[in-house]
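First comes the structure, then the notes that go with it.
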Amino acid sequence: MERARTFAEILAGPGVVRGLLGPREVPRIWDRHLLNCAVVAEAVPPDAALVDIGSGAGLPGLVLAIVRPDVRVTLLEPLLRRTTFLSECVEALRLDNVEVLRGRAEELARKRVFDVATARAVAPLDRLLAWSMPLLREGGELLAMKGERAAEEIEAAKSQVKSSGARSVELVTVGRGRVDPPATLVRVVAGRSPVAGGRRRRKR
């Protein structure tokens with residue numbers, strides 16, 4: 001709780017001043033942001049290696065690192081001013097399970113492999129699939145935080161789901177009885193990469 005309070009103070013102060021959070025969000029930092037992100041931990045397996053794509057102000061990545069010290073979190077963010085902010089947060093919160101990496105998901109593809117990828121308010125599902133699937137091991141999961149239109153996004157991304165090699169896609173609700181409203185996730189389980197699968201077939 002001490003780390004969570006400190007992070008809330010950072011978001012409400014430097015986070016607003018430096019444009020990572022809107023001033024109108026300050027009264028809602030706990031319910032709309034911190035608690036809403038914390039319940040995502042229900043869907044993260046133990047001891048996972050997690051990449052937070054487009055981490056921004058550290059939501060949900062930093063929150064998950066606070067509530068789940070067993071999880072190794074990589075905050076992936078392309079903008080320098082945001083990675084600077086994230087690095088300062090990691091130092092202030094004394095988190096030893098977090099690394100901050102400046103870059104784009106496309107640049108990291110197939111160089112690093114993770115068990116879980118998270119994203120919040122980054123992009124539509126079709127783009128998230130293209131970015132996240134190459135970062136996940138077979139059986140790894142994308143946990144995309146989505147709102148009321150999550151089902152519509154799944155429908156719109158049907159072709160991308162198939163071409164990305166995803167094994168399955170479903171809506172998951174987390175935080176029932178803990179946050180109101182509960183948080184909605186789109187969970188996509190990664191299958192074997194179509195590229196990797198093709199290479200294996202040619203070798204035979």
Side-chain angles (χ1 to χ4, degrees), residues 3-41 43-44 48-68 71-93 95 97-109 112 114 116-132 134-136 141-147 149-150 153 174-175 179 183-188:
R3 281 178 169 147
R5 289 190 195 100
T6 299
F7 187 36
E9 291 169 3
I10 293 171
L11 288 174
V16 172
V17 171
R18 292 156 72 170
L20 283 97
L21 197 73
R24 293 182 181 179
E25 297 301 307
V26 172
R28 303 187 290 182
I29 280 177
W30 281 98
D31 58 349
R32 183 180 174 87
H33 299 290
L34 297 184
L35 295 175
N36 185 254
C37 289
V39 296
V40 176
V44 178
L50 182 150
V51 59
D52 188 32
I53 298 173
S55 198
L59 303 167
L62 271 177
V63 178
L64 293 173
I66 291 170
V67 301
R68 288 288 301 277
V71 174
R72 303 177 305 285
V73 176
T74 297
L75 305 177
L76 183 61
E77 170 57 50
L79 297 183
L80 177 60
R81 67 182 181 88
R82 292 178 179 173
T83 55
T84 300
F85 174 83
L86 291 170
S87 296
E88 291 171 0
C89 287
V90 171
E91 184 177 353
L93 298 170
L95 293 168
N97 60 329
V98 181
E99 69 167 335
V100 178
L101 194 59
R102 185 184 177 197
R104 300 181 182 279
E106 306 96 308
E107 299 165 351
L108 197 61
R112 295 274 299 274
F114 300 89
V116 177
T118 55
R120 181 181 191 251
V122 174
L125 183 59
D126 56 351
R127 274 189 276 166
L128 282 179
L129 286 166
W131 295 341
S132 62
L135 294 174
L136 293 170
E141 299 180 354
L142 166 65
L143 301 176
M145 299 185 70
K146 294 293 182 180
R149 301 185 63 183
E153 285 203 43
V174 291
V179 294
T184 300
L185 306 178
V186 175
R187 177 162 62 194
V188 183

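This is a predicted model, so every value here is computed, not measured.
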| query | With a 4.5 Å heavy-atom cut-off, do R120 and V40 have their side chains touching? | reply | no
| request: Please report the closest heavy-atom contact between L125 and L142, naming both atoms and the distance. | output: CD1-CD2, 4.2 Å
| message | Return the CG to OG distance between L75 and S87, rounded to the nearest 0.5 Å. | response | 8.5 Å
| request: Considering non-hydrogen atoms only, spot the tightest contact between A144 and L128 and give its length. | output: CB-CD1, 3.9 Å
| task | Return yes when atom CZ of R18 has more than 12 non-hydrogen atoms of other residues, nucleotides or ligands closer than 6.0 Å, and no otherwise. | result | yes
| Gap between atom OG of S55 and atom CG of L62 - 0.5 Å precision | 6.0 Å
| Do R68 side-chain atoms and V44 backbone N/O form a donor-acceptor pair below 3.5 Å? | yes
| Heavy-atom pair with the smallest gap, counting every atom of L185 and A43 | CD1-CB, 4.0 Å
| task | Indicate yes or no: at least one non-hydrogen side-chain atom of L64 is less than 4.5 angstrom from one of C37. | result | no
| field | L34 side chain near L59 side chain, heavy-atom distance below 4.5 Å | value | yes
| task | Looking only at non-hydrogen atoms, find the nearest pair between V67 and A41 and report the distance. | result | CG2-CB, 3.9 Å
| query | Backbone N or O of V116 within a donor-acceptor pair of the E141 side chain at under 3.5 Å? | reply | no
| message | For L143, is there any backbone N or O sitting under 3.5 Å from a side-chain donor or acceptor partner on R187? | response | no
| request: Using atom types as modelled and distance alone, determine if a side-chain donor or acceptor of E77 lies under 3.5 Å from a backbone N or O of R82. | output: no
| request: Would you indicate whether the side-chain heavy atoms of R72 and L50 approach each other to under 4.5 Å? | output: no
| field | From R24 atom CZ to R32 atom CZ, the distance as rounded to the nearest 0.5 Å | value | 12.0 Å
| field | Closest approach of L79 to R102 (non-hydrogen atoms, all atoms of both residues) | value | C-NE, 4.2 Å
| Measuring from L136:CG to L129:CG, what's the distance to the nearest 0.5 Å? | 10.0 Å
| said: Using modelled atom types and a 3.5 Å cut-off, is there a donor and acceptor pairing between side-chain atoms of R127 and backbone atoms of V122? | reply: no
| For the side chain of R3 and the backbone of L93, is there at least one donor-acceptor N/O pair under 3.5 Å apart? | yes
| field | Within 6.0 Å of CD in E88, more than 12 heavy atoms from elsewhere | value | yes
| Residue R28 excluded, over 12 heavy atoms near CZ under 6.0 Å | yes
| Nearest non-hydrogen partners of L20 and A57, listed with the distance | CD2-CA, 3.7 Å
| Do the side chains of W131 and V51 get nearer than 4.5 Å, heavy atoms only? | no
| message | With a 3.5 Å distance limit and no angle check, can you tell me whether E25 reaches the backbone of G22 through a side-chain donor-acceptor pair? | response | no
| request: Could you check F114 against I53 for side-chain contact (heavy atoms from CB on, under 4.5 Å), going step by step and ending with a plain yes or no? | output: CA-CA 12 Å; F114 300 89; I53 298 173; over 6 Å; no
| said: Within this structure, what is the OG1-CG distance for the pair T118 and L76, rounded to the nearest 0.5 Å? | reply: 10.0 Å
